[in-house]
Amino acid sequence: LCSFSSCSSLVPQRGPLRGSHWQSSVLTLRTSLPVRAQPKKKKKVDVKKEQAQKDRMKKKLKKLEKVAPELIPIEDFITPLKYSDSNRVRSLPALSPEEAERRVLLLKKWSLFKQKQDEAEKKAIRSLVESQQEALRELRLESEELYQAAIRRDEGLFPFQREGPTYTPPLPGYDPPEGKCVDITKVYTQ
Amino acid sequence: ANAARRPWRLFGAMCLLRLPRITQPLEKEEEEMAALMGQIELEKSHYSDHEIRKLEEEERLKRRRESPDDDDDDDEGTGKTVIMAQDLEDKWEQKFLRFKAAPRITDADKKNIRTSLNRKLDSNLMLLVKQKIGNQELWLLPQVEWQPGETLRSTAERAMATFLGDDIQAKILGNAPYGIYKYKFPRAIRTEDNVGAKVFFFKAFLQSSDFTPTELKADYLWVTKNELGDYLKPEYLKKVNRFLLD
């Protein structure tokens with residue numbers, strides 16, 4: 001009987017399912033009539049112990065959670081200390097006033113250039129949209145069903161992927177050198 | 001629904017673009033600005049490890065030259081060869097000079113072969129085909145008449161397939177037409193329900209990079225936007241230029 005009680009305290013983790021709730025201890029072989037007093041005691045003690053354990057675990061979890069999670073450091077924003085050495089500072093001749101003047105004038109020319117470029121782009125886009133609107137208007141005059149087919153969404157268009165232009169075209173028959181790319185980024189977990 | 005026969009005939013035309021493969025050369029202002037930006041970046045930066053190593057080695061060389069006798073570095077004593085930063089830089093420079101990239105201006109550019117796809121790698125190229133309209137042979141964007149039962153986009157796809165074969169990979173940008181050109185037939189062939197034609201343009205990007213059409217039935221050309229004027233009629237050209245961004 002003593003061995004039984006020790007077994008049954010471990011039961012809830014690994015034992016098979018109970019057939020009915022009248023079967024109080026899962027590992028019993030039906031040897032005798034179930035004695036009411038002892039199984040009840042076992043249940044209470046077990047239940048109390050389990051509850052006490054659960055509460056302790058919950059308290060520990062709460063304590064851990066109360067501490068705010070440590071922020072993951074952004075490696076780009078932290079300059080390593082070896083780069084703030086004074087011998088690292090570059091020694092170049094100071095800027096002459098002519099050079100400063102030239103720079104300011106160049107920046108002004110650049111802003112004008114960019115403004116013109118932007119204006120040209122916008123004009124081109126506007127003319128494209130106008131042309132498309134006109135085409136759709138004419139199409140509508142022609143036939144309604146073709147118009148409806150034309151303004152339907154094209155599902156296959158997006159996601160649209162395209163490789164951008166490079167400085168030189170691809171060299172035919174080029175054999176790139178062999179190598180393996182090893183990723184050494186540090187992964188932080190909170 | 002379309003019981004009354006409309007007087008206009010519909011055509012679907014495809015403007016097939018080969019997108020640029022190399023970057024366009026920088027304008028003068030862009031080059032000046034790029035140089036200025038580089039200069040400012042250099043002024044604001046600190047020395048890197050490689051540069052510090054180079055400076056230290058130059059100092060050491062100078063000191064050794066000035067006092068040649070009594071400098072006893074460990075390296076001199078053991079006879080080990082030290083790789084200097086300057087040597088490394090020379091080695092890298094040599095390696096770079098040995099590599100030959102593909103030329104930006106190809107042979108087709110030099111000989112102005114307009115049927116090849118390999119010219120003008122830095123701009124969009126458009127397909128033009130010679131077609132017979134009425135009794136004239138004209139250079140046009142490939143077009144085909146619309147047949148009832150298909151959408152205009154499929155007409156344009158059919159136009160592309162007729163002139164370039166079925167296995168062409170092009171990404172058509174949407175179901176809607178980009179432009180329209182309508183013209184009335186000359187009085188001689190104009191009838192009550194055949195007044196003129198409306199040509200709807202669609203745009204597509206050519207996806208396959210090495211495209212050599214084998215079964216081309218008509219004369220074709222790949223031209224840039226500026227060269228379109230050499231081939232297209234003025235009215236047609238005006239309408240086509242409206243939807244070309246370049």
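Here is the naming used below: chain letters follow the sequence lines, and residue numbers restart at 1 for every chain.
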A.B. asks: Which atoms of A/Tyr147 are under 4.5 Å from chain B, going by heavy atoms: the side chain, the backbone, both sets, or neither?
C.D. replies: neither
A.B. asks: Under 3.5 Å, is there a donor on one side chain and an acceptor on the other for A/Arg90 and B/Ser45?
C.D. replies: yes
A.B. asks: Using heavy-atom distances under 4.5 Å, tell me whether A/Arg153 contacts chain B through its side chain, its backbone, both, or neither.
C.D. replies: backbone
A.B. asks: If you count heavy-atom pairs within less than 4.5 Å of chain A, which of B/Thr151, B/Leu42, B/Asn118, B/Asp122 leads?
C.D. replies: B/Leu42
A.B. asks: Could you tell me which of B/Ile172, B/Ile180, B/Asn175, B/Leu244 has the largest number of non-hydrogen atom pairs under 4.5 Å with chain A?
C.D. replies: B/Asn175
A.B. asks: What option among B/Glu27, B/Lys239, B/Glu30 has the most heavy-atom pairs under 4.5 Å with chain A?
C.D. replies: B/Glu30
A.B. asks: Below 4.5 Å from any heavy atom of chain B, which atoms of A/Leu139 appear? Answer side chain, backbone, both or neither.
C.D. replies: both
A.B. asks: Quick check on A/Leu157 against chain B: is it the side chain, the backbone, both or neither that has a heavy atom closer than 4.5 Å?
C.D. replies: both
A.B. asks: Below 4.5 Å from any heavy atom of chain B, which atoms of A/Glu155 appear? Answer side chain, backbone, both or neither.
C.D. replies: neither
A.B. asks: Cationic tip of B/Arg104 within the cone over A/Tyr167's six-membered ring, i.e. under 6.0 Å and within 45° of the normal?
C.D. replies: yes
A.B. asks: Need one label for A/Gln148: side chain, backbone, both or neither, based on atoms under 4.5 Å from any heavy atom in chain B.
C.D. replies: neither
A.B. asks: Any idea which of B/Leu173, B/Leu19, B/Leu121 has the most non-hydrogen atom pairs under 4.5 angstrom with chain A?
C.D. replies: B/Leu19
